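Report on the following structure.
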Protein chains: 2
Amino acid sequence: MKQKQLSEADIRAAFTSSARSVFRTLFQSGPATRPQLGSTLGLSRPTLSSSIAELFAAGYVEKIGEVQGPLGRKAAMYRLGPGAGHVVAIDAGSTHVRTRVATLDRRLLHHRVYRLSSNQRHLGAEISQAVAEEVEATLALTEPGWGKLRALGIALPSRVVADNAARAATGQENLFSHFTPPDGVPLLLENNVNCAALAEQSHGVAQGLEDFAYIQIGLKIGMGVVLGGRLIRGRSGAAGEIGHLPFPWGPGLRPQNAGLEDYVGAEALMQRTRAAWPQDAGAAPADAATLFALAGEGHAAALAQVKRHAEDIGAIVSACVGVIDPGIVVLGGGIGDNAIMLPYVRETVDRLSYPTEIHASSLGVDATVLGIEKIAADHACELLVGK
Amino acid sequence: MKQKQLSEADIRAAFTSSARSVFRTLFQSGPATRPQLGSTLGLSRPTLSSSIAELFAAGYVEKIGEVQGPLGRKAAMYRLGPGAGHVVAIDAGSTHVRTRVATLDRRLLHHRVYRLSSNQRHLGAEISQAVAEEVEATLALTEPGWGKLRALGIALPSRVVADNAARAATGQENLFSHFTPPDGVPLLLENNVNCAALAEQSHGVAQGLEDFAYIQIGLKIGMGVVLGGRLIRGRSGAAGEIGHLPFPWGPGLRPQNAGLEDYVGAEALMQRTRAAWPQDAGAAPADAATLFALAGEGHAAALAQVKRHAEDIGAIVSACVGVIDPGIVVLGGGIGDNAIMLPYVRETVDRLSYPTEIHASSLGVDATVLGIEKIAADHACELLVGK
DNA sequence: CTTATTATGTTACGCACCTTAACAAACAAA
DNA sequence: TTTGTTTGTTAAGGTGCGTAACATAATAAG
């Protein structure tokens with residue numbers, strides 16, 4: 001193991017700096033011709049020639065064709081090769097375990113979804129068991145053409161901290177009750193909301209943005225913050241734990257621990273809805289999906305509930321703006337990505353805060369697994385050619 | 001002007017990368033011997049020799065003596081030279097305008113304080129006028145040994161944005177009603193609370209920390225956020241504008257615009273204090289300083305007010321933790337740096353949030369000017385030798 | 001006081017990595 | 001087929017750093 005790591009490091013050291021930056025460009029931006037690489041990186045043709053020769057010899061890049069410009073000789077096009085390897089990304093969610101296998105430059109190699117027998121409120125034994133099975137099944141069908149497995153990323157419905165000492169309190173260790181990570185493969189853990197935020201940055205509404213916040217509103221509520229292009233995790237992995245904002249709060253009102261989490265969750269929303277439901281408005285909706293469907297049809301009582309909830313969401317966004325002023329906030333999750341709430345959220349934020357764009361996510365259920373895939377790929381790339 | 005900038009850029013390009021990193025190290029860490037520089041930067045003695053020769057020829061560094069180790073030849077000690085130039089930093093505050101002139105490595109060359117005739121609540125004509133006079137007076141007494149003026153930094157009691165389009169709304173433009181910035185000198189503006197936060201990082205309680213929040217509590221309330229070593233400014237320069245946190249907020253309670261700012265300011269605090277002051281407790285304190293002095297002596301009624309205020313501060317800290325979980329929060333400002341509040345703030349934060357260290361600032365009135373000085377020095381250094 | 005030891009600084013030389021210049025190859029248009 | 005254009009390779013040179021060896025300047029030991 002140690003030996004392999006050493007030889008890996010030697011390979012990295014053997015690459016010239018220009019070769020490493022060529023690799024990074026192909027990693028970030030996908031296939032490119034030599035002239036494209038040269039102009040974006042500011043390298044001369046001879047340098048590119050030797051860089052690509054280096055990478056090609058190691059199998060890190062491969063030629064995938066030639067492109068004819070309007071005039072002159074064809075340009076050769078390259079992409080990452082099998083030597084670069086692949087990553088496995090897993091979203092250990094509350095209802096499904098989603099797995100993606102992909103090359104470092106994000107070409108999908110394999111996809112599978114495992115449905116949990118019941119809705120898991122916390123990271124526990126069943127999720128651990130399912131992850132163990134999915135990892136085993138995935139490793140079993142690994143094809144030679146995929147190259148080495150460079151990283152395994154798992155998105156968790158819990159706080160995640162790197163520091164060993166503080167881990168016990170997060171519950172992230174429950175992952176390992178029935179799952180033993182494969183040997184010799186870097187294991188990366190991240191909170192699922194943070195992953196969804198990163199997915200918005202790489203695939204979604206926040207594409208390429210350096211600063212934004214992502215708020216996920218479903219059964220529970222959470223936020224992922226990206227500032228200066230970097231995910232903000234917080235000392236205890238608690239950045240974005242907006243369920244802990246002070247609530248209720250006012251003159252003579254003492255905030256309660258996790259008071260907002262209890263108030264703004266889907267359960268509490270439906271409870272309030274049932275309590276306020278008029279006698280003559282038919283049966284009260286059984287779940288949030290029904291409530292929003294009714295509101296979408298213009299049902300007055302439903303709309304009133306949705307509007308009040310949206311105003312609460314708006315207050316949450318305002319708290320976020322008051323602290324970091326991200327400029328852009330993306331709403332996601334089963335309830336949050338619903339477009340009906342947008343105008344009311346915007347109204348509240350406009351009234352309370354500085355100018356902020358508010359968008360609804362369009363990524364759907366794959367957001368989290370795409371985010372953890374990106375984390376795994378980034379780690380693998382850094383491992384191969386440094387930062 | 002263009003020509004000068006060009007020649008400056010040429011000088012920078014002429015330095016080798018090792019010379020630039022030597023300059024940066026002397027800039028950041030102050031005087032150092034060659035062996036020290038070599039080991040911290042991982043450079044060989046010949047490389048250091050030529051680097052220092054380059055910098056010395058340009059006047060960017062100077063030899064300030066020799067240091068004798070326990071054995072062997074003396075080591076030469078260097079620091080930034082006159083060629084590196086100097087910066088002027090100004091804190092345009094509500095009661096005083098404080099000016100510091102310093103070398104890039106923060107050696108004080110000149111210091112002056114101008115007292116405003118009355119307490120200025122907003123950035124207006126009198127402050128602009130005072131800044132104009134202070135800048136003129138400072139430039140007049142510039143000594144040849146200081147070298148060129150590399151940057152002029154001004155800390156403002158308003159939001160600050162770089163973007164030209166959004167400037168009008170901030171009021172930062174009022175600075176220029178009576179003040180015309182000197183030609184050919186980079187002008188750097190920053191919010192005063194953000195400056196104080198940076199001062200905590202370079203001189204105060206948060207020394208060297210990558211992540212922390214600084215909350216200033218005085219007449220008004222504001223926060224400065226540093227994450228990943230970088231100051232978070234926000235899209236509209238509104239990061240840390242915690243007066244805009246949703247307040248009051250609870251079931252059936254509609255947050256008001258800037259509701260928290262009105263509630264938690266010194267004026268409102270004293271109003272509540274007077275209203276709640278018992279008949280038999282003597283005269284109610286006239287201002288916050290008196291209130292905290294009484295509380296310090298153990299006066300029960302005063303302590304009760306201080307405690308309630310501290311709990312409100314604790315809720316604010318919790319809002320900050322809920323969004324970014326900085327791990328460390330520094331309290332400053334005339335009210336905030338008071339140690340009496342600390343235990344109550346900590347109690348509230350412990351109850352509502354994840355583990356967070358809470359400290360009181362010890363920098364006093366010079367915090368802001370030290371912070372803007374650092375910003376100016378950083379900018380000057382980047383100008384000379386790049387990032 | 002001389003000699004040995006050690007740390008600092010300089011000179012000589014070589015290597016890694018990149019560039020420009022010149023040339024060869026491959027294509028479209030004339 | 002010729003011409004002009006773009007792509008890729010080969011050759012030669014320069015920059016920036018390193019190592020090795022030497023010169024210098026201090027302390028410690030005799």
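Here the structure is a predicted model, which means the values were calculated and not measured. All heavy atoms count here, side chains included; hydrogens, waters and symmetry mates do not. Quick note on labels: first sequence line is chain A, next is B, and so on, each numbered from 1.
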Enumerate, atom names and distances included, each donor-acceptor pair closer than 3.5 Å involving a side-chain atom of residues 71-85 of chain A, sequence neighbours excluded.
residue: A:Tyr78; atom: OH; partner: A:Arg34; partner atom: NH2; Å: 3.2
residue: A:Arg79; atom: NE; partner: A:Glu62; partner atom: OE2; Å: 2.9
residue: A:Arg79; atom: NH2; partner: A:Glu62; partner atom: OE2; Å: 3.1

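Heavy atoms of B:Ser18 sit under 4.0 angstrom from primed sugar atoms or phosphate atoms, though from no base atom.
For the OP1/OP2 pair of C:dA16 and a distance below 4.0 Å, the side-chain nitrogens and oxygens of A:Thr16 include no atom meeting the criterion. The phosphate of D:dC17 (OP1 or OP2) has a side-chain N or O of B:Ser17 nearer than 4.0 angstrom. Contact between the side-chain N/O atoms of B:Lys74 and the OP1/OP2 oxygens of D:dA26 is found at a separation under 4.0 Å. Residue B:Thr47 places at least one side-chain N or O under 4.0 Å from the OP1 or OP2 atom of D:dG18.
Within 6.0 Å of atom CZ in A:Arg107, more than 12 heavy atoms from other residues, nucleotides or ligands are found, so the atom counts as buried in its surroundings.
Going from atom CD of A:Gln68 over to atom P of D:dT7 covers 10 Å, rounded to whole Å. Following rounding to the nearest Å, B:Ile52 (CD1) and D:dG16 (C1') show an atom-to-atom distance of 17 Å. Taking atom NZ on A:Lys63 and atom C1' on D:dT7, their separation rounds to 11 Å, with Å as the unit. The separation between B:Glu54 atom CD and D:dT15 atom P is 12 Å, rounded to whole Å.
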Strictly under 3.5 Å: I want the nitrogen or oxygen pairs between protein and nucleotides 2-4 of chain D, one per line.
none

Q: For B:Phe23 and B:Phe15, run ring-ring contact (aromatic ring centres under 6.0 Å, His included): C-alpha distance rounded to whole Å, both residues' side-chain angles, the deciding distance at 0.1 Å, then the answer.
A: CA-CA 10 Å; B:Phe23 185 92; B:Phe15 287 132; 7.6 Å; no
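The stretch residues 28-46 of chain B comes close to DNA chain C through B:Arg34, B:Pro35, B:Arg45, B:Pro46, each having a heavy atom under 4.0 Å from the strand.
Residues B:Tyr78 and A:Ala19 each lie close to DNA chain C; by heavy-atom proximity, the contact nearer the 5' end of the strand is made by B:Tyr78. Mapping A:Gly69 and A:Leu48 onto DNA chain C via the closest heavy atom, the residue that lands nearer the 5' end is A:Leu48.
Ring orientation note: the planes of A:His86 and A:Trp146 are nearly perpendicular, at an angle over 60° on the 30°/60° scale.
Contact of A:Arg73 with D:dT7 (side chain to base): a donor-acceptor pair of N or O atoms is detected under 3.5 Å.
A:Phe27 pairs with exactly one of A:Val385, A:Leu384, A:Asp378, A:Val22 by the side chain to side chain contact (heavy atoms under 4.5 Å, CB included) rule, that one being A:Asp378. When the options B:Asp211, B:Val225, B:Leu227 are evaluated for a side chain to side chain contact (heavy atoms under 4.5 Å, CB included) with A:Ile232, the one that passes is B:Leu227.
Here the side chains of A:Leu43 and A:Leu37 are not in contact, with every heavy-atom distance at 4.5 Å or above.
Under a 3.5 Å cut-off, the side chain of B:Glu54 and the backbone N or O of B:Thr16 do form a donor-acceptor pair. No donor-acceptor pair under 3.5 Å is formed between the side chain of A:Ser29 and the backbone N or O of A:Leu26.
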